[in-house]
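The structure under discussion appears below in the form of structure tokens.
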Amino acid sequence: MILKSVYDGIKGLIAGYAVTITKFFSRGTTVPYPEKTPFVSERWRGVHGLFFTDNRFEELCVSCHLCAKVCPSVCITMEGSEDYLQRKRLKRFDVDLGRCIYCGYCEEVCPADAIRLTTSHDYVSRDRENLILHKEDLIEIGKSAMRRGEHGALGIRRGDGKKVVYQENRNLDASFKALSGERVKR
Amino acid sequence: MSLVRVKIDDEEIEVPEGTLVITAAEKLGKSIPHFCYHERLTPVAACRLCLVEIEGMPGLQPSCATKVKDGMIVRTNTKNVLDSHKSVLDLVLETHPLDCPKCEATGRCKLEDFTYEFGPHRVSYYRPPGISAYDYEELSWSPVLKFDPNKCVECSRCIRVCDEVQDCRALVASSRGHNWRITTFTGGPLHCDFCGACASVCPTGAIEQQPGKFWKKDWELEKHFVICSHCGHGCTLLLRGWEGRIARIEDDFKVGINRANICSRGRFGFDIISHSSRLSKPLLRSDGKLVEVTWEKALFAAMEMITASHSVIGLASGMLSVEELFLFSKLLASRNGKKFSESRDGDVIEFEKKRLGRYGSTHGFDQLDSFESIVLVDIPVEELDEVLRIDLISAAKKSGAKLFTAGRASFRLKKRIAGLFKINSQTLASAPAKTLFVVDTERIEEKELSAILEKVSSDPFTGILFVAAQSNSRALSSFGFRVLPSDEISEVDLMIAAGPLQMTERPTSVKRLIASASFRNELVESADLVFPAALPFEKSGTYVNSEGRAQYSDIAVPMAGESWPDAVIWISVMKELGEATPSTPREILDEVRNNHPELFERNYPVKSSEAEPKLPSTRLAPPKRHRGLLLDKSEWLRKLQEHLDFSKEFSPWF
């Protein structure tokens, strides 16, 4: 009886350590966060970005105020103005991340696909003032998201309205330049 | 007028005979969609959107052009009627560009509202997005008005308001059928006063105001009623703004004495409050230069200057409110100062008081149609009071009152003038019975005025209407401000100038000058001490207009920089001098009411009777962030230049 129980104990011990040792040598599931950025899905609803149009690097936003209207937490404040071509364009665009609930309604309602929620999720600050993103900040976020190739075709539209299809192994910067009309050596 | 009973959708209502079906339905709270019908204009039944079923009449009838009859049975919600609304809107949407998010009129667009309520939620006549049926170019009619023919629903409201109300006929219709378009007379830019009435009545975004375009959506703008301060009429303006900034000025038919008529100054002149030459801090002269100082220092300097001078005179503007004029006259009275103004209004009203024993106009703007003839005595009405011109035209149309001019003729009223008088006392005395004399207080001579007043005193059906040049110059006489004579100011130690003045430099006989001003001008440059003063939208106060109606105007926008209202400035100066002064708004108004009841004699329902008047507090509010209101000035000038080039191209006589 004693031998039996000793055998069982050792067997259990080996089985337990086997799990531990296999996990020790297998790939980890956690990410050492500040050093490495975790992978998030493209459908992740992170910080907002203002996206741009075709090769002229123009804003997509037509200042229709629909995102500000639909926002359930009233975190978007915007003002429009008339640009040099007498079109309706954005003058001021503030998003209060302290109020935002990341529901994505603004993205959904936007008729020009100008505001999109990017994958950047680590926007932190020690000051509440900094949580209010202005137009320039949102443009920066949008531009970096475009460089990362988020939202399908780089978030870029051609002049004819068609989206460029995103390919996995493509040099993103090259295609970005190609869209902007520059010649790229491959 | 007899009443008739009408049945609309099983609900009975009694309305006066001659009422339109659409008006009767509105009284019952039924919404019948309409484009061409407007309560101020003659019905044309052009848009066919307001069709209803009337028992006993064939087919569907336009409710905006059908008058009610006794026992009429109207149905507005049958399937037939609703289908007709839907198909008419469908046909309108066939040619209308579907770019509502980009359109300035979203939120106040009638087409949008009616389509949401009645219309096809999917258009039957498909067009690819971004392609409009018409491809007309947007026309810049003027620096303040723009016309997009693609968005026009052909209701002809703008043409009718220009013709019937404004009597201007700057807009006409051209071509027929599918090519029917609204154009200006020359086809190029507008040749008119830019009153903006066409933009105000436009049901869609076809005619749009340029200042404030695209800034905010209609649903984001707050509403605030204020009294206009550009002339003596005392119009009520509806400010639309956000965060203390004004985006546009609208009119409301139901509020105010102007009945939704606003001149171009009132509608587009709101950008003065963000002008680049606004004063933001008190200025004190030291070593021959004006230097910005704090309020404490400025008030102390004012106290020193006033106590050091033996003779003081005061010069008040007619644009200050009643409370401010009262406090300013109180300050002058405490120093035995003489009271002057640039306006002759005080002298004329005082002259009238000596002759008749009463103050001001005998009749108001709403009583013009009770006269058989109206004599305009040496007054170009459209220059002084544009809205009075519209009132005169409507009186001439409504009751057939004949307009006569004596002396200077009014150019814009030329077509309506029945006859001309020579301006002298005899011809004025021989005017027919039931006559109203419209008098310019700045120009009327003593002889003519006495002849008119004699006639007014002898004939109870004759009236006189003094047209004041400034928003509150009617109140100058009550506080004893007389016109400034050129020779009388000799050897004065101190002159205190309050409010916006036309004087360009300080008189040589004045040793020192304290001024309260809103803008940096020549008078300010020659002053020794300058207080930055708030402008009418930034302060509250009571204004007495030409007809003698006291109206209360509230604060609408924050004060620019560190400027204070004149009331607060003069209270602070008096406190610095150690004088007793009323300090709360209620105390000031009560004291004015007790001492000068004639200002509130014509007891119209004014806003101040409803609520406690909010005068600015005597303590300085924390300076609020103030941004520019209008477009950038250089941009504005560029647009104006573009417009001028455009005009030269199209009209040889511009």
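Labels below follow one simple rule: chain letters A, B, ... track the order of the sequence lines, proteins then strands, and each chain is numbered from 1. Note that this is a predicted model, so its numbers are computed, not measured.
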field: Side-chain heavy atoms of A/Met78 within contact of B/Lys216, under 4.5 Å
entry: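 A side-chain contact under 4.5 Å is absent here.
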message: Are the side chains of B/Trp215 and A/Glu79 in contact, using a 4.5 Å heavy-atom criterion?
response: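 A side-chain contact under 4.5 Å is absent here.
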State whether the number of non-hydrogen atoms from other residues, nucleotides or ligands found under 6.0 Å of [X] atom [atom1] is greater than 12.
| X | atom1 | value |
| --- | --- | --- |
| A/Ile2 | CD1 | no |
| A/Tyr102 | OH | yes |
| A/Lys135 | NZ | yes |
| A/Leu3 | CG | no |

task: Applying side chain to side chain contact (heavy atoms under 4.5 Å, CB included), name anything that partners A/Pro34, two or more places apart in sequence or on another chain.
output: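 For A/Pro34, no residue satisfies side chain to side chain contact (heavy atoms under 4.5 Å, CB included) once neighbours in sequence are set aside.
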task: Output all residues satisfying side chain to side chain contact (heavy atoms under 4.5 Å, CB included) with B/Asp90, sequence neighbours left out; order by chain, then residue number.
output: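 Applying side chain to side chain contact (heavy atoms under 4.5 Å, CB included) to B/Asp90 gives B/Pro120, B/Val123, B/Ser124, B/Tyr125.
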query: Taking it one step at a time, do B/Lys146 and A/Glu82 satisfy salt bridge (Lys or Arg N to Asp or Glu O under 4.0 Å)?
result: CA-CA 13 Å; B/Lys146 211 171 216 185; A/Glu82 210 175 359; 3.6 Å; yes
field: Minimal non-hydrogen separation, A/Lys88 against B/Cys103, with atom names
entry: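 Nearest heavy atoms, A/Lys88 then B/Cys103: NZ-O, 4.0 Å.
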- prompt: Shortest non-hydrogen contact from A/Lys69 to B/Trp219?
  reply: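 Looking at all heavy atoms of both residues, the shortest contact is CD-NE1, 3.5 Å.
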query: Distance from A/Asp83 atom CG to B/Phe214 atom CZ, nearest 0.5 Å?
result: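 Going from CG on A/Asp83 over to CZ on B/Phe214, the span is 9.0 Å.
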- prompt: Between atom SG of A/Cys64 and atom NZ of B/Lys217, what is the distance when rounded to the nearest 0.5 Å?
  reply: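 Interatomic distance, A/Cys64 SG to B/Lys217 NZ, rounded to 0.5 Å: 5.5 Å.
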- prompt: Which region of B/Glu220, side chain (C-beta onward) or backbone (N, CA, C, O), has a non-hydrogen atom less than 4.5 Å from a non-hydrogen atom of chain A, or is it both or neither?
  reply: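 B/Glu220 touches chain A through side-chain heavy atoms alone.
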- prompt: Hey, is A/Arg92 close enough to B/Glu243 for a salt bridge, meaning N to O under 4.0 Å?
  reply: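 B/Glu243 and A/Arg92: salt-bridged.
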